[in-house]
Amino acid sequence: MTPALKRIALGVLGAVVSLGACAGPKGFKDSWMTMGDFGPNWREGVANYSLTARDAVGAASIYMRSDDEAKTRQLTEATYTRLLGRWNLPNAQANVWFIGGLGSVTGNDFAGSKAMASPGIQVDYETTRVYASVFGRLYRAGALNHDFLSARAGFSFYEVDYDQIQPWLVVEARRMRSLSDKTEVTPMLRLIHNRYFVELGVNNFRQARLNFMYIF
Amino acid sequence: MKQIIAILALAAAAFPSVAATSLKATVNGMVCAFCAQGIEKRISKMSATKAIFVDLKKKTVAVEAKDGMTLDEKAIAAEIVEAGYDVVKLETVQMSVAEIKAELKARK
């Protein structure tokens with residue numbers, strides 16, 4: 001695989017991972033959730049509808065560009081999110097999620113499209129002051145065949161009332177097997193409100209990232 | 001004197017005290033305001049709901065009934081569960097949401 005393709009794959013997986021590794025990749029029953037992830041080389045939009053308290057269906061669209069800006073990819077997929085397990089403790093919550101997608105990818109350097117499947121599992125634990133998650137996802141589309149793992153950990157500076165904004169510092173570390181020998185590390189400022197969720201960060205490659213979630 | 005007492009008694013009877021009624025739920029798993037908004041949104045839509053208050057630190061959801069209406073305990077508990085949480089205790093109190101909120105703040 002050429003270095004350019006590796007960078008593209010890195011960008012794709014980075015976009016997918018940053019949205020998947022959140023506190024909750026779906027809203028409450030009968031709600032719509034929208035999520036966005038924006039960076040210099042990728043733009044991703046996701047919308048899903050929660051059919052039940054545990055299941056959501058939706059769609060995602062990802063535009064990405066290689067670091068040299070020569071190659072682009074456009075991914076479109078139908079998504080399914082399932083809460084596999086939840087433990088509601090007195091002062092904490094732990095979850096296991098399945099996040100999967102089926103769709104197609106096109107590129108400016110190959111004709112037609114390739115079928116894509118992207119099943120993943122996320123495990124997370126949080127309190128009002130601490131957050132931790134691990135997310136693993138396969139990304140398979142013809143010759144594109146990647147596995148990756150990301151881990152997030154963070155803490156909130158202080159507790160707030162329900163209707164106030166709570167700031168967090170969250171750090172994500174991500175590594176992809178057979179794609180790159182580098183570990184991408186992104187410290188982020190996370191702002192949680194009862195109506196919106198925003199993350200802003202800069203990774204160790206000096207790339208800015210913006211992530212948001214909104215439920216309506 | 002007797003007339004004054006009688007007048008005062010009639011005046012008191014004409015204005016009976018009406019205490020607000022609320023349901024107070026203790027909820028497990030409620031650690032994130034963004035995730036807990038489902039509780040507020042779903043219960044606010046219920047016809048008997050006058051006001052609702054969520055306190056993550058005290059693990060409390062308080063729902064006040066509209067005047068003359070009764071809150072459905074089972075339905076409210078079901079909505080909290082549908083929002084993704086566990087109800088460990090549910091009690092009826094003769095307090096308004098504002099009073100419950102003030103009481104919880106005083107405990108800090």
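Below, read A as the first sequence line, B as the second, and so on, with proteins coming before strands; counting in each chain starts at 1. Keep in mind that what you see is a predicted model, and the values were worked out from it rather than measured.
- Applying a 4.5 Å heavy-atom cutoff, the residues of residues 42-51 of chain B that approach chain A are Arg42(B).
- For chain B, the option among Thr128(A), Val160(A), Asp163(A), Leu83(A) with the highest count of heavy-atom pairs below 4.5 Å is Thr128(A).
- Legend: residues meeting side-chain hydrogen bond (donor to acceptor under 3.5 Å, both in side chains) with Tyr80(A), ordered by chain and number and at least two apart, are Asp55(A).
- Most heavy-atom pairs under 4.5 Å with chain A, from the set Val54(B), Leu56(B), Val31(B): that is Val31(B).
- The part of Ile192(A) that comes within reach of chain B is its side chain, from C-beta onward, which places non-hydrogen atoms under 4.5 angstrom from that chain.
- By number of non-hydrogen pairs under 4.5 angstrom with chain B, the leading residue of Asn91(A), Leu89(A), Thr52(A) is Leu89(A).
- Taking the charged nitrogens against the carboxylate oxygens, Glu79(B) and Lys29(A) have no contact shorter than 4.0 Å, which rules out a salt bridge.
- Side-chain atoms of Asn88(A) and Met30(B), non-hydrogen and from C-beta on, never get closer than 4.5 Å to each other.
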Table please: side-chain donor-acceptor pairs of residues 19-26 of chain B below 3.5 Å, with sequence neighbours left out.
unit_1   : atom_1 : unit_2    : atom_2 : d
Thr21(B) : OG1    : Gln94(B)  : OE1    : 3.2
Ser22(B) : OG     : Met95(B)  : O      : 2.5
Lys24(B) : NZ     : Glu103(B) : OE1    : 3.4

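- The structure places CZ of Phe28(A) at 9.5 Å from CD of Glu40(B), a figure rounded to the nearest 0.5 Å.
- Remark: Tyr158(A) pairs with no residue by the ring-ring contact (aromatic ring centres under 6.0 Å, His included) rule, at least two apart or across chains.
- Asp161(A) places a side-chain heavy atom less than 4.5 Å from the side chain of Lys57(B).
- If you take CG on Asn28(B) and CZ on Arg86(A), they are separated by 12.5 Å, rounding to the nearest 0.5 Å.
- From Phe197(A), atom CZ reaches atom CD of Gln37(B) across 12.0 Å, with rounding to the nearest 0.5 Å.
- Taken to the nearest 0.5 Å, the SG atom of Cys32(B) stands 9.5 Å off from the OH atom of Tyr162(A).
- Between Ile215(A) and Phe34(B), the closest side-chain pair of non-hydrogen atoms falls below 4.5 Å.
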